[in-house]
2 protein chains.
Amino acid sequence: MDKEILFQQFVAFTTSVHEATFELTKNVKPEDITPLQYSILEYIAVSQPVTLSQISECKHISMPNTSRELRKLTEKQLCEKFEVPDDRRKQLIRLSESGQTMMNKAFQQIGTRFFERIQYLSAEDLDEIQHALAILQSKVFDANK
Amino acid sequence: MDKEILFQQFVAFTTSVHEATFELTKNVKPEDITPLQYSILEYIAVSQPVTLSQISECKHISMPNTSRELRKLTEKQLCEKFEVPDDRRKQLIRLSESGQTMMNKAFQQIGTRFFERIQYLSAEDLDEIQHALAILQSKVFDANK
DNA sequence: TCCATTACTTATCATATGATAAGTAAAAAC
DNA sequence: GTTTTTACTTATCATATGATAAGTAATGGA
């Protein structure tokens, strides 16, 4: 096993993943929110409830900027802030009902495109894919976590 | 095989890939170029020689903006434009010597981090990974291409 | 030969995003 | 009980990026 060749394959692979992500997600974001705001909403959607600090850390956005974008999102009624009882400095953030609806719609579009992509694959192919995803995630991508 | 579960696994996977890409590439970009410029240089590095139109299409940047960024990159002496003999409207773009040096350094850093990540894996693990990358790329990510 | 298209440029504007400084209020540490 | 740290806010500035309009020059097609 030549590690140099594996590295090249890895680079090509991640490029393909980024491009596929682009294709699967293009145009799912409503006009009136920015890309950054959409990516924050995506994060909230899968991890809610979250604190501002979590968003800041996971999305690599400074606290002031996270605060600003979150203010805009709450102004647009897409998410809501809740006080946390045991620590009044913190805030828990969830999608609002309309935010949830919006993200459900987005995820559904992405899902549809994903299913189109895999529709011609056999059950064995799908098993193989599921196995490959698990292997790579545990041994390469989530390594050192 | 529940496709809905596969989709969720797929989403989690791409998130991990994006995060790993972030970790592997952070701080490799020199101070004096912007993220977009770096990503263009990356593309040129692996695909050179390329035309402006190719960069524009592959990186999803409008022609005027591609032209502008490329002007900045040539001003910084990181890439060079060549006329193509059979069509004088087109231009072929390559990294300059210093651009090549810069990108070599960047790729080398990324490589080092990648090898750190896989250093404790067995030869069998690596074979499995190589196989998983190939499967996913051909059956899922490069599908419809 | 004239017209349409292609490949790219130049100029300009709007805005999203990043960075930094300074502030508040609660909690934790001492 | 005072100080320090944490979690977040507000304000401000710089700039990277995206969008659009208009232009040039070469090519290709009728």
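All figures in this text were calculated on a predicted structure; none of them were measured in a lab.
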If we only count heavy atoms from C-beta on, is the [X] to [Y] side-chain gap below 4.5 Å?
{"X": "A/I33", "Y": "A/M102", "result": "yes"}
{"X": "B/K81", "Y": "B/L70", "result": "yes"}
{"X": "A/H131", "Y": "B/I135", "result": "no"}
{"X": "B/V17", "Y": "A/L136", "result": "no"}

Which residues in residues 73-94 of chain A have a heavy atom closer than 4.0 Å to any atom of DNA chain D?
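Hits under 4.0 Å, by residue number: A/K81, A/R89, A/K90, A/Q91.
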Any A/T34 side-chain nitrogen or oxygen under 4.0 Å from OP1 or OP2 of C/dA16:
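It does not, given that no N or O in the side chain of A/T34 lies less than 4.0 Å from OP1 or OP2 of C/dA16.
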In whole angstrom, give the distance that lies between atom [atom1] of [X] and atom [atom2] of [N].
{"X": "A/R71", "N": "D/dT12", "atom1": "CZ", "atom2": "C1'", "value": "13 Å"}
{"X": "B/L36", "N": "C/dT17", "atom1": "CG", "atom2": "P", "value": "14 Å"}
{"X": "B/K29", "N": "D/dA16", "atom1": "NZ", "atom2": "P", "value": "9 Å"}
{"X": "A/N65", "N": "D/dA14", "atom1": "CG", "atom2": "C1'", "value": "12 Å"}
{"X": "A/H60", "N": "C/dA19", "atom1": "NE2", "atom2": "P", "value": "12 Å"}
{"X": "B/R68", "N": "D/dA21", "atom1": "CZ", "atom2": "P", "value": "16 Å"}
{"X": "B/E69", "N": "C/dT10", "atom1": "CD", "atom2": "P", "value": "14 Å"}
{"X": "B/L52", "N": "D/dA25", "atom1": "CG", "atom2": "P", "value": "18 Å"}

Step by step, would you call B/Q137 with A/S16 a side chain to side chain donor-acceptor pair (under 3.5 Å)?
CA-CA 7 Å; B/Q137 186 144 11; A/S16 294; 2.7 Å; yes
Any idea which of C/dT17, D/dT20, C/dA19 is nearest the A/K72 side chain?
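Between C/dT17, D/dT20, C/dA19, the one nearest the side chain of A/K72 would be C/dT17.
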Taking side-chain hydrogen bond (donor to acceptor under 3.5 Å, both in side chains) as the test, write out the residues that go with A/K139, two or more places apart.
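Testing A/K139 for side-chain hydrogen bond (donor to acceptor under 3.5 Å, both in side chains), a comparison that skips the adjacent residues, returns B/D125, B/E128.
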Under 4.0 angstrom, heavy atoms only, what part of the nucleic acid is B/P35 near: base, sugar-phosphate, or nothing?
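Answer is sugar-phosphate: B/P35 comes under 4.0 Å of backbone atoms only.
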A/Q100 versus A/N104, side-chain donor and acceptor atoms under 3.5 Å
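Side-chain D/A pair, A/N104 to A/Q100: present.
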